[in-house]
Protein chains: 2
Amino acid sequence: MGTDSPSSLAAMTPIARRPLHEAAIDRLRDLIVQGELPPGSRLNERVLAGQLAISRTPLREAFKLLAAEGLVDLLPNRGAIVAPVDAVRIGETMAVMGALEALIGELACANASDGSIAEIRALHFEMRAAHARRDLAAYFRHNQAIHLKLAEAAGNAVLALTYRQLNANVRRVRYMANLSPERWDAAVHEHDAILAALAARDGARLKALLSDHLAHKTASVLAALTEGLVKAAA
Amino acid sequence: MGTDSPSSLAAMTPIARRPLHEAAIDRLRDLIVQGELPPGSRLNERVLAGQLAISRTPLREAFKLLAAEGLVDLLPNRGAIVAPVDAVRIGETMAVMGALEALIGELACANASDGSIAEIRALHFEMRAAHARRDLAAYFRHNQAIHLKLAEAAGNAVLALTYRQLNANVRRVRYMANLSPERWDAAVHEHDAILAALAARDGARLKALLSDHLAHKTASVLAALTEGLVKAAA
DNA sequence: TTTTTGTATTCTGCATGCAAGTTGTAAAGG
DNA sequence: CCTTTACAACTTGCATGCAGAATACAAAAA
């Protein structure tokens, strides 16, 4: 099939349609989200630039971007730190996400293409596979993918983007602590119901299910957060 | 305690606790929001840096920030342009704002301090004064202030910030076209009801009123937008 | 020992220089 | 006359250099 010019394979950069060292800032974002750069840690421009093998200038631009996403805080004349994760802020973020998910539920049922629903169903079963294997990392990954795909399926780009940004901030906490087995099982069952409502295009029901699901997730996340803080203090 | 040397009053910069040329990027934001830099126009780094009397480096950082706010689009290797204002995107943004305003209404009724409500009432009457004088600019200003203050009064910082960013994008359209007298009068009456519901802390009612208000505003904005586009095409 | 003050180091914030990429133009070919 | 291609001017993206601010540290005074 896709035999692209076998002659000159010189300037072929198949992946990077993006020109700059933007890959490096994505890597930085991952470092923050995955907690390898813990909340509150200072981000020394020179050191980080060295580690990411880029210069200070694009790194500073990355700081600005990540600050807008809420992942880092900019301290005037004192550089950047990884945004602290406090329970208040996380709770506030989850509340906003709840409002957005309600809208996502309605719009997704109204606008999602059959293909999108099929894709979400596929992700759902991959997630269930991860659950069956007790593979927490894969579970989280597929879980995230489902919610993001759902946000996209609503057919509102602004909504999807906003949801995605808020989600990045919450995601950090999930990496910080595990899930109780009971909560895990319950979450999977909730996802079963969510998928069913989406497939039936029952907007009102999906909205309610997502709302409950998020409320549970909020409690779980906040519990993980306080536990994590205790752990950090110990 | 805080007796700071009354002797040397040299380095006193009372206003600017912010260190950098951030004032310049605020100015750039205003230029975009107020439409002096029309949607779609290219942002040449060198000339803009000259106009704002700053260097290219902080300007580029500003671009990144404004891109995250959705006010400019970054074209790889081709610089930045003022984000085009298309009806689809504005409609999507308004839909998200609707979801947020519903939450704002609930939370504001539950959490707003009496002082906040008093301040909103004051702004309300200033807005009515502007309406009485047919001072459209002042009306818009106070109207914005009310909605932003309401968002703050909800007591959820993330909610207020998210709302504010989405609002910046819509605000550009309002500068592009006037308001029909009937719509203007109706909007003022809607605001009367909104204030009353807030004062009574009737969350459900406020939520419904804000929802209706936003629906009307959406129609008005989209009408203004198409009109503006026609005007631009002519 | 504790507090204060002066100094040195480190870091940020910004300006500028250079290479790669893009766009506009004009000449050559069809 | 239209299309294609080579070239030139410009623009972005990035690296680096320099000045000002903030912090750390040490010495001196209480």
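Every chain is numbered from 1 and lettered A, B, ... according to where its sequence line falls, protein lines coming before strand lines.
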| task | Starting from P on C/dC11, measure out to CG on A/L75 and report it in whole angstrom. | result | 15 Å

| request: Mind checking side-chain contact (heavy atoms from CB on, under 4.5 Å) for B/A99 and listing every partner two or more places apart, or none if nothing turns up? | output: A/L103

| query | Which residues satisfy the ring pair (Phe, Tyr, Trp, His ring centres under 6.0 Å) test with A/H124, sequence neighbours excluded? | reply | none

| Rounded to whole angstroms, how far apart are CG on A/N77 and C1' on D/dA19? | 12 Å

| request: Any chance you could lay out the side-chain contact (heavy atoms from CB on, under 4.5 Å) test for B/L166 and B/V170, step after step, and finish with the verdict? | output: CA-CA 7 Å; B/L166 292 173; B/V170 174; over 6 Å; no

| message | If I take atom CZ in residue B/R56 and atom C1' in nucleotide D/dG13, what distance separates them, rounded to the nearest angstrom? | response | 8 Å

| field | Atom pair distance, as rounded to whole Å: CZ in B/R60 and C1' in C/dG13 | value | 16 Å

| field | From D/dT11, C/dC14, D/dG13, nucleotide with atom closest to B/E61 side chain | value | C/dC14

| query | Starting at the 5' end of DNA chain C, which residue's closest nucleotide do you reach first, A/V47 or B/R46? | reply | A/V47

| task | Spell out yes or no: do the side chain of B/R78 and the base of D/dG13 have one donor N/O and one acceptor N/O closer than 3.5 Å? | result | no

| Salt bridge present between B/E69 and B/R29 (N-O < 4.0 angstrom) | yes

| task | Report yes if at least one side-chain N or O of A/N44 is closer than 4.0 Å to OP1 or OP2 of C/dT10; otherwise report no. | result | no

| Does any N or O donor sit under 3.5 Å from an N or O acceptor when you compare the side chain of A/T57 with the base of D/dT16? | yes

| query | Quick one: B/F63 CZ to D/dT12 P, roughly how many Å, whole number? | reply | 8 Å

| query | Heavy atoms under 4.0 Å, any strand shown: does A/L43 hit a base, just sugar-phosphate, or nothing? | reply | sugar-phosphate

| message | Expressed as a whole number of angstroms, how long is the span from A/I81:CD1 to C/dT12:P? | response | 13 Å

| Is a salt bridge present between A/D30 and A/R27, judged by a nitrogen-to-oxygen distance below 4.0 Å? | no

Filtered N/O pairs between nucleotides 6-8 of chain D and protein, under 3.5 Å:
none

| field | Residue-phosphate contact under 4.0 Å: A/S55 side-chain N/O, D/dA15 OP1/OP2 | value | yes

| said: Below 30° counts as parallel, above 60° as perpendicular, anything between as tilted: where do the rings of B/H191 and B/H147 land? | reply: perpendicular

| said: Under the side-chain contact (heavy atoms from CB on, under 4.5 Å) test against B/L43, which residue among B/I81, B/L59, B/L74, B/V72 passes? | reply: B/V72

| request: Measure the distance from CD on A/E45 to P on D/dA21 and round it to the nearest whole Å. | output: 17 Å

| remark: Taken to the nearest whole Å, CG/A/L48 to C1'/C/dT12 is 14 Å

